[in-house]
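Reminder, nothing fancy here: chain letters follow the sequence lines and each chain counts from 1.
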Amino acid sequence: MALTEDEVIQILKLVEQSSFDELRLETGDLKLVVRKRGCVGAVTEVNPTPASPATAYAVPAREAENKVVKTTPGKGSNTEAAAEQEGLVPIKAPMLGMTYRRPAPESPPYVEAGSYVKEDDTVCLIEVMKVFTAVKAGVRGRIEKILIESNMMVEYGQPLFLVKPDEGPP
Amino acid sequence: MMNISRIFIANRGEIAVRIIKACKALGVEAILAVSEADRESMAAKMADRVVCIGPPRAQESYLKIDTIVTAARATGSQAIHPGYGFLAEHPDLPRICNENGVTFIGPPEHCIREMGNKLLARKLVKGYGIPVIPGSEKARDVKEAIDLAQDIGFPVILKAAAGGGGRGIKIVKEPLELTTTFETAAAEARAAFGDDVLYLEKYIPSARHIEVQILGDSQGNVIHLGERDCSLQRRYQKVIEEAPAPTLPDTLREEIHAAAVTIAGNIGYQNAGTVEFIFDREAQKFYFLEMNTRVQVEHPVTEMISGIDIVQEQIRIAAGEPLSVTQSMVKLSGHAIECRLTAEAPERAFAPSPGKITEWILPHGPGIRIDTHCYEGYSVPPYYDSLLAKVITAGKNRMEAIDRMKYAIEHFVIRGVDTVIPFLLYILTRDEYKEGNVHTKWLEGVLEQIYPDRFDSKGERDGGD
């Protein structure tokens, strides 16, 4: 089974509009892999296997950086370089885990853009196997940018928020 | 392979590179865990994606089971490859993998537990009718230890049940020594393994370390890929390994293979593993030593003489595939040797020598294989082991393999860090080595001759394999 050009474009549009990161479609002798965000590339391969039912499985987007490349978010990423230029201080993940922006599903998030934080304020939670750790701001100032959502994996050292720090003594 | 299309690699260094190569060959994506110190590693450059799991210290990164399994799941990886060392033989890793729907690329959890307790392993193996080193059960206190030791006959070795890989071992030559050593050994075992159970074995002075590579699949097939001789050791750390074992009578060779398969089959072993034996040169008898329930550092020498890619097999087995060969299809030919090229200074009692590699030129030629993660400009971090590269050579016979190894080591240029290259070259030229006439204490004897004042042959060092 071959896809027409229109069908490929349709698939690309659907993937782009979805919250999915990646689509892998394997049917008969066709294998199509579509990745988002800087790695968009439809790869059609002929796979000489006997006809089998179509299997399409997608990987839900979980991270802010959903490029399947070798860079890691903590270092040399555009975010950090740009942030330094503007004098913004990143709050970094003290561990790898799943993020929670709210203490409980019905509660408001710990912080929003524009929130004022002090060093000991909790800005979010990171969870590993049901063990939750509160991430402290570690800096005093205003949250300029939120780099995460809830329920996404962040790596050790990954910037979570950008803070415009206060100047001078409290 | 539909089952596994993305693997999370929970290791570093040369084995991470090795696993990535196997992934690429199988068309499987490789997601690599790195500590902050390994962001610029060769494996990181090769992986499809890199996930930073913690700061440099292994305790806070490569040894964190929850973090690793969480990262594997969150990256959509179906399986975790633990490599060797770190968590490879930690029974909680497969357990937590199972609880979280991630496939562990290795044996069933119970195999790791059973073979991980060296005392239990001895008992099981004895029950299968395989000779084990004459020894004791658990020694509860000094008095009992002395009685047991006298039954066995001095000299004896005091071992930690939760140890293995040469750790938690003390040689005791006489009863008085046992009095002082017992408490120290128990305390060290408690600190290192969280378990202070000790037992005793007869010390066999002129021994060779012969081990057998095992592969098992989920359909109950268990085969061996021949044996390796790893007698060249320094403080229980292997330095040079080879396959097959030289100067071993063929009947004994077959017996050792059969023993290994019996053991693996009886415990329901799956995936890659190695059964280690001590060969008493004087008595010409072999005894079960322990089983390593993981892929080993020296697996390449077996690959070179069998033509089988052991890491690819590991992945295939974990994906539920049967072994790619039956025992009768396994043909071993030629001879292969591996030298562990480490960043250590032999003249300073093998002190580790981390630092930046300023020059790095690999040897090339027929029958030369280099497994490494290093490159020119790479900074060897101080937080982990000192292995820079494994230099592997193969030839149609042992002499050719040795000649190629001498050539390879001579033409391997490494500057910026101290290495054991001069020391390796020295060993390769010794008559005893060329004759295959070595035993597990031979290398240390040689070192004492070269560095009489500096070298301390007592004590142990951390490490696996």
How many angstroms lie between SG in B:Cys52 and NZ in A:Lys92, if you round to the nearest 0.5 Å?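 These two atoms lie 10.0 Å from each other.
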May I ask you to list the residues in residues 53-61 of chain B that approach chain A closer than 4.5 angstrom, counting heavy atoms only, ordered by number?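 Expected list: B:Ile53, B:Gly54, B:Pro55.
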Contacts of residues 97-115 of chain B with chain A (heavy atom under 4.5 Å):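 At a heavy-atom separation under 4.5 Å, chain A is reached by B:Asn100.
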Are more than 12 heavy atoms from other residues, nucleotides or ligands located less than 6.0 Å from atom NZ of B:Lys356?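 Not buried by this count: 12 neighbours or fewer within 6.0 Å.
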Go through the structure and list residues passing side-chain contact (heavy atoms from CB on, under 4.5 Å) with A:Val163, not counting sequence neighbours.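 For A:Val163 the side-chain contact (heavy atoms from CB on, under 4.5 Å) partners, ignoring immediate neighbours, are A:Ile91, A:Val139, A:Ile143.
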Relative to chain A, which segment of B:Leu32 carries a heavy atom at a distance below 4.5 Å: side chain, backbone, both, or neither?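 Contact with chain A: none, neither part.
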Give me the contact list for residues 116-138 of chain A versus chain B, heavy atoms only, anything under 4.5 Å, ordered by residue number.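 The residues closer than 4.5 Å to chain B, in numerical order, are A:Val128, A:Met129.
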Taking all heavy atoms of A:Met153 and all of B:Val51, pick out the closest pair and write down the distance.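 Heavy-atom minimum between the residues: CE-CG1, 3.7 Å.
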